[in-house]
Asker: 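Structure below; questions to follow.
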Amino acid sequence: MLPGAEELAVAGADEFARSAGEATRGGGLFRVALAGGSTPRALYRRLTRPPHRGAIRWERILFFWGDERCVPPGEERSNYRMARETLLDPLRIPPRRVFRMKGEEDPARAALAYEDRIRRHVPGRPPRFDLVLLGVGEDGHTASLFPGTAALGETRRLVAENYVPRLREWRVTLTYRALNASRRVIFLVSGAEKAGVAAKIVKKQRGYQALPASGVSPRRGSLLWLLDEAAASAF
Ligand code: 6PG
């Protein structure tokens with residue numbers, strides 16, 4: 001538990017650097033799936049500044065995403081755009097190391113194409129990301145796995161198109177199969193509005209299984225929840 005949003009960002013950046021260091025020390029690549037939404041902004045900005053900037057071997061990182069809104073990459077709501085502005089552009093990461101979900105395409109096609117790219121660039125059967133960053137919504141969704149949606153039941157595919165009736169929109173998302181094959185998953189949660197849902201999931205309170213984020217549990221990996229004080233206030 002961290003006092004405020006800024007401390008949360010620092011802790012997240014420290015963990016990112018530690019995971020990247022472990023993967024790249026021996027000359028390997030680090031394959032990370034980034035979170036969307038607004039919480040990770042501060043973490044991404046942190047990573048572009050000292051001391052993290054100089055401590056990470058950026059040239060050995062491949063960037064993926066946990067989910068994407070079905071909008072063109074230049075739109076305000078694009079998760080890719082958020083990461084590009086806060087992280088990738090400031091660090092001048094070349095496009096060949098950036099694997100974005102194509103929110104501007106037909107969702108089913110974009111999901112299939114993304115699965116194919118993952119299979120080609122992330123080793124393991126099923127492919128294992130070194131790190132997946134995730135957020136959680138007040139309704140318990142994570143990535144674009146929303147309560148009551150079809151992608152929750154997907155057991156074979158790594159990436160799915162997912163219609164979210166409440167939002168009346170399509171999303172593209174990693175499935176539990178991909179998330180739970182990862183070496184490490186970190187949830188970043190900030191703000192009092194997330195307190196109820198965070199406590200319910202982490203403390204396994206009654207009804208927690210109905211919340212999609214509770215299904216994230218890496219089989220051979222680790223799971224870490226980073227919360228600021230407000231988000232942890234219902235514990
Ligand atoms: C998205 C997400 C989503 C997000 C949570 C938390 O594309 O919307 O990736 O799962 O992480 O909704 O979002 P905030 O950080 O904005 O609260």
Side-chain angles (χ1 to χ4, degrees), residues 2 4-9 11-13 16 32-46 63-73 75-87 99-104 107 110-111 114 129 131-149 151-152 154 159-176 178-180 182 185-202 211-216 223-233:
L2 293 316
E6 211 39 54
E7 288 84 355
L8 181 71
F16 184 107
V32 61
L34 301 174
S38 56
T39 312
R41 268 172 197 279
L43 155 57
Y44 298 161
R45 288 210 184 91
R46 276 275 155 192
F63 295 90
F64 294 83
W65 273 260
D67 75 317
E68 186 56 278
R69 290 98 182 258
C70 290
V71 297
E75 272 204 23
E76 196 67 52
R77 300 185 61 242
S78 161
N79 285 337
Y80 163 74
R81 176 175 165 173
M82 190 278 273
R84 181 171 62 73
E85 288 177 349
T86 54
L87 182 69
F99 298 80
R100 71 173 180 89
M101 291 173 164
K102 297 206 169 147
E104 70 276 29
Y114 205 65
F129 287 102
L131 175 64
V132 179
L133 297 176
L134 290 174
V136 62
E138 286 171 62
D139 62 355
H141 79 262
T142 191
S144 281
L145 297 170
F146 285 79
T149 57
L152 296 175
E154 181 58 59
V159 188
E161 67 279 13
N162 200 22
Y163 185 70
V164 185
R166 188 171 64 77
L167 304 175
R168 295 206 197 129
E169 67 180 27
W170 284 91
R171 299 284 186 100
V172 177
T173 185
L174 294 188
T175 62
Y176 286 132
L179 297 172
N180 289 336
S182 308
V185 173
I186 299 179
F187 278 98
L188 283 172
V189 198
S190 170
E193 66 283 5
K194 307 280 179 71
V197 78
K200 199 163 173 178
I201 296 168
V202 177
L211 304 171
S214 73
V216 178
L223 176 65
L224 176 67
W225 282 76
L226 292 177
L227 306 113
D228 65 13
E229 204 168 314
S233 58

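Counting starts at 1 for both ligands and their atoms, following the listed order. Keep in mind the model is a prediction, meaning the values are calculated, not measured.
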Asker: Number the atoms of ligand 1 from 1 as they appear, then name those within less than 4.0 Å of a heavy atom of Arg69, with their elements.
Answerer: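 That gives atoms 1 (C), 7 (O), 8 (O) of ligand 1.
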
Asker: Is there a side-chain contact between Arg166 and Asp139 in this structure, where contact means two heavy atoms from C-beta onward sitting under 4.5 Å apart?
Answerer: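 Answer yes - side chains close enough.
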
Asker: Got the closest protein heavy atom to atom 2 (C) of ligand 1, with its distance?
Answerer: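 Looking only at protein heavy atoms, the one closest to atom 2 (C) of ligand 1 is Asp67 OD2, 3.3 Å.
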
Asker: Please list, in number order, the atoms of ligand 1 under 4.0 Å from a heavy atom of Arg171.
Answerer: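 What qualifies from ligand 1 is 1 (C), 7 (O), 8 (O).
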
Asker: For atom 6 (C) of ligand 1, what is the closest protein heavy atom, and at what distance to 0.1 Å?
Answerer: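 Among all protein heavy atoms, the one nearest atom 6 (C) of ligand 1 is Val136 O, 3.5 Å.
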
Asker: Is it true that Glu76 and Arg81 make a salt bridge, defined as a side-chain N closer than 4.0 Å to a carboxylate O?
Answerer: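 Here Glu76 pairs with Arg81 in a salt bridge, since their nearest N and O are under 4.0 Å apart.
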
Asker: I need the single residue from Leu224, Leu223, Leu226, Leu133 that forms a side-chain contact (heavy atoms from CB on, under 4.5 Å) with Phe187. Which is it?
Answerer: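 Considering Leu224, Leu223, Leu226, Leu133, a side-chain contact (heavy atoms from CB on, under 4.5 Å) with Phe187 is found only for Leu223.
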
Asker: For atom 5 (C) of ligand 1, what is the closest protein heavy atom, and at what distance to 0.1 Å?
Answerer: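 Here the closest protein heavy atom is His141 NE2, 3.5 Å.
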
Asker: Counting from 1, what ligand 1 atoms have a heavy atom of Gly135 closer than 4.0 Å?
Answerer: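 In order of number, 11 (O).
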
Asker: For ligand 1, is Lys194 a contact, meaning one of its heavy atoms is under 4.0 Å away?
Answerer: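 Checking ligand 1 against Lys194, which is what was asked, there is a heavy-atom contact under 4.0 Å.
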
Asker: Using a 4.0 Å cutoff against the non-hydrogen atoms of Ala143, which atoms of ligand 1 qualify?
Answerer: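 Here the atoms of ligand 1 in question are 2 (C), 3 (C), 10 (O).
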
Asker: Do Leu174 and Phe64 have side chains that get closer than 4.5 Å, going by heavy atoms?
Answerer: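 They are not in side-chain contact.
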
Asker: Please step through salt bridge (charged side-chain N to carboxylate O under 4.0 Å, His left out) for the pair Arg41 and Glu85, ending with a clear verdict.
Answerer: CA-CA 9 Å; Arg41 268 172 197 279; Glu85 288 177 349; 5.2 Å; no

Asker: Should the proximity of Leu134 to ligand 1, defined as any heavy atom under 4.0 Å, be assigned to the side chain, the backbone, both, or neither?
Answerer: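 Contact part for Leu134 vs ligand 1: neither.
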
Asker: Using a strict cut-off of 4.0 Å, indicate which atoms of ligand 1 neighbour a heavy atom of Gly36.
Answerer: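 Checking each atom against Gly36, I get 9 (O), 11 (O).
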
Asker: By the definition side-chain hydrogen bond (donor to acceptor under 3.5 Å, both in side chains), identify the one residue from Asn162, Asn79, Thr173 that meets it with Asp67.
Answerer: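 That would be Asn79.
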
Asker: Does any N or O atom in Ser144 lie less than 3.5 angstrom from one in ligand 1, N or O only?
Answerer: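 In fact, backbone or side chain, Ser144 has no N or O that close.
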
Asker: Flag the pair Lys102 and Glu68 as a salt bridge only when some basic side-chain nitrogen lies within less than 4.0 angstrom of an acidic carboxylate oxygen.
Answerer: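 Salt bridge between Lys102 and Glu68, a charged N being under 4.0 Å from a carboxylate O: no.
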
